Amino acid sequence: MATTNNPRDLALPVADSSLSSPSAPTESARSRTRVRAFLRLVAIEHSVFALPFAFLSALAAMQVNGGRVRWLDLLLITVAMVGARTFAMAANRILDRRIDARNPRTAGRELVTGAVSVRTAWTGAAVALVVFLVAAALLNPLCLVLAPLAVVPLVVYPYAKRFTNWPHAILGIAQAVGPVGAWLAVTGTLAGSGPAWLLGAAVGLWIGGFDLIYACQDSEIDREIGVHSVPARYGRRFALHASTVAHVVTFALFIWFGALIGLGWLWWIGLALTAVAFGYQHLVVTPTDLSKVNRAFFTANGFVGIALFVFALLDLVIRLGLRP
């Protein structure tokens with residue numbers, strides 16, 4: 001692993017026990033500041049993109065296997081998802097910090113400015129990975145066995161932009177793991193997990209598709225510094241067309257998933273709202289106008305996850321009789 005000479009990346013000083021007690025609140029405040037900075041580093045609020053589909057997959061599996069909500073499983077799935085995502089984001093920021101420093105859009109990130117040290121980021125990543133593995137072990141043996149495989153795309157993704165023009169596909173694979181893992185967390189077996197694989201593929205294409213849109217804003221600087229991406233290699237217009245195709249297939253897979261589970265008219269309302277959100281983000285972002293990329297990325301896609309989950313939950317409870 002690359003090393004750094006940044007003084008901020010050196011080990012934090014150990015508190016001297018001889019100091020008077022009034023210094024304790026200051027050290028506590030520093031710790032809280034480091035934690036807040038680390039949470040900004042990993043963009044913890046972006047969990048809204050992945051968690052709703054993990055919950056949807058888990059609740060669908062519960063409906064198929066007994067029709068009752070298993071709250072402990074949901075809690076452990078949440079812990080596992082947040083742990084895995086936090087590890088992935090921290091590792092990505094660490095491995096990309098020198099690239100981020102050369103890109104004006106990302107030069108203000110915490111590892112570049114020194115708001116978070118590399119040591120702190122690695123510590124946070126290690127803790128998050130342990131949390132993920134422990135949660136997987138508490139769920140069932142299959143989840144524990146497969147957990148290392150789930151970590152692989154999380155580690156490969158930061159390197160992907162160094163050797164392939166399609167790092168967005170690696171990101172999609174990493175995101176597809178969530179719904180599949182949530183289903184297996186409930187059932188403990190691969191048998192009958194077809195709906196989860198469909199939902200996982202849909203989520204992977206969905207996130208990979210909007211990552212194509214998001215990457216358009218860095219296409220020029222990526223070419224200059226040698227970072228690989230679809231927009232950098234093939235141009236923004238091609239990337240936006242590829243994103244449209246990915247989202248059309250995503251929508252078809254959402255329909256297929258709902259049909260397999262037996263979801264009805266409430267699910268279709270959620271799908272209709274999703275179609276509007278998809279259409280919106282593809283209308284407001286064009287090859288010559290990227291000013292609304294963040295609106296498409298955060299607002300529209302955050303809405304998709306929440307809307308589909310809420311209407312699927314209503315359908316599972318009202319129509320299919322899922323019980324708490």
Side-chain angles (χ1 to χ4, degrees), residues 1-2 38 41-51 53-54 80-103 105-106 109-112 116 118 121-122 124-129 131-133 136 146-182 197 200-219 221-222 225-234 239 242-243 246 250 293 297-298 301 305:
M1 189 62 62
F38 178 77
L41 173 78
V42 299
I44 195 70
E45 69 276 8
H46 293 179
S47 298
V48 70
F49 295 136
L51 273 174
F53 290 99
M81 288 286 296
V82 173
R85 188 195 169 280
T86 300
F87 165 76
M89 283 294 295
N92 185 47
R93 292 290 191 258
I94 293 167
L95 296 172
D96 276 359
R97 67 188 187 278
R98 289 182 175 83
I99 292 175
D100 289 343
R102 300 174 65 186
N103 185 334
R105 186 181 64 82
T106 57
R109 286 179 175 170
E110 289 76 10
L111 282 173
V112 179
V116 176
V118 174
W122 274 123
V127 170
L129 180 59
V131 168
F132 166 64
L133 294 174
L146 295 179
L149 293 179
V151 172
V152 171
L154 304 182
V155 175
V156 171
Y157 171 65
Y159 292 105
K161 61 177 68 70
R162 293 162 171 83
F163 64 83
T164 176
N165 293 317
W166 294 86
H168 329 278
I170 308 298
L171 177 62
I173 292 171
Q175 297 295 332
V177 169
V180 177
W197 292 95
V203 170
L205 283 167
W206 168 52
I207 292 181
F210 73 66
D211 190 58
L212 285 168
I213 298 174
Y214 195 68
C216 285
Q217 60 190 326
D218 292 329
S219 57
I221 189 67
D222 283 350
I225 64 179
V227 171
H228 298 280
S229 74
V230 167
R233 174 64 180 83
Y234 302 105
S243 176
T250 295
V293 164
F297 184 79
F298 298 111
N301 286 295

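Owing to the predicted nature of the structure, the values given are computational and were not obtained by experimental measurement.
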Worksheet, complete the sentence: For Tyr214, the ring pair (Phe, Tyr, Trp, His ring centres under 6.0 Å) test, sequence neighbours excluded, returns Phe297
Fill in: Any Phe87 side-chain heavy atom under 4.5 Å of Val42 side chain
no
Fill in: Residue pair Arg109 / Arg93, side-chain heavy-atom distance below 4.5 Å
yes
Worksheet item: Checking side chain to side chain contact (heavy atoms under 4.5 Å, CB included) for the pair His228/Asn165: CA distance, chi angles, key distance, verdict?
Response: CA-CA 5 Å; His228 298 280; Asn165 293 317; 3.2 Å; yes
Discussion item. Holding to salt bridge (charged side-chain N to carboxylate O under 4.0 Å, His left out), I want the full list of residues that pass it with Asp96, two or more places apart in sequence or in another chain.
Written reply: Lys161, Arg162
Practice prompt. Working to the nearest 0.5 Å, report the span between CD of Gln175 and CG of Leu205.
Written response: 12.0 Å
Item to complete: Please report the shortest heavy-atom distance between Ser243 and Leu212, naming the atom on each side.
Response: N-CD1, 3.7 Å
Fill in: Contact check, side chains of Phe38 and Thr86, non-hydrogen atoms, under 4.5 Å
yes
Practice prompt. Taking all non-hydrogen atoms of both residues into account, name the closest pair between Ala84 and Leu154 and its distance.
Written response: O-CD1, 3.8 Å
Fill in: Spacing of CG belonging to Leu171 relative to CG belonging to Asp211, to within rounding of 0.5 Å
5.0 Å
Worksheet item: About how many Å separate CH2 of Trp206 and CG of Asn301, when rounded to the nearest 0.5 Å?
Response: 5.5 Å
Worksheet entry | Nearest heavy-atom neighbours spanning Pro153 and Ile173 | CB-CG2, 4.2 Å
Discussion item. Between Val230 and His168, is there a side-chain heavy-atom distance shorter than 4.5 Å?
Written reply: yes
Practice prompt. Check Phe163 against Tyr159 and note the closest heavy-atom contact, atom names and distance.
Written response: CD2-O, 3.2 Å
Discussion item. I'd like to know whether Val112 forms a side chain to side chain contact (heavy atoms under 4.5 Å, CB included) with Thr106, so could you lay out the CA-CA distance, the side-chain angles of the two residues, the decisive distance to 0.1 Å, and finally the verdict.
Written reply: CA-CA 8 Å; Val112 179; Thr106 57; over 6 Å; no
Item to complete: Kindly indicate whether the side chain of Met81, heavy atoms from C-beta on, has any atom under 4.5 Å from the side chain of Leu51.
Response: yes
Worksheet entry | Stepwise side chain to side chain contact (heavy atoms under 4.5 Å, CB included) check, Ile221 with Arg102 | CA-CA 8 Å; Ile221 189 67; Arg102 300 174 65 186; 6.0 Å; no
Practice prompt. Could you grab the distance from atom CD1 of Ile99 to atom CG of Asn92, nearest 0.5 Å is fine?
Written response: 9.0 Å
Worksheet item: So, the side chain of Ser229 versus the backbone of Ala232: is there a donor-acceptor pair under 3.5 Å, distance only?
Response: yes
Fill in: Any Leu111 side-chain heavy atom under 4.5 Å of Leu41 side chain
yes
Practice prompt. Identify the heavy atoms of Ala54 and Gly178 that sit nearest to each other, and give their distance.
Written response: CB-O, 4.3 Å
Discussion item. I want to check something: taking the side chain as every heavy atom from C-beta on, are Val82 and Phe132 in contact at a cut-off of under 4.5 Å?
Written reply: no
Practice prompt. Please report the shortest heavy-atom distance between Val180 and Gly200, naming the atom on each side.
Written response: CG2-CA, 4.5 Å
Worksheet item: Any donor and acceptor pair, going by atom type alone, linking the side chain of Thr250 with main-chain N or O of Ala246 inside 3.5 Å?
Response: yes
Worksheet entry | Min side-chain heavy-atom separation Arg105-Asp218 under 4.5 Å | yes
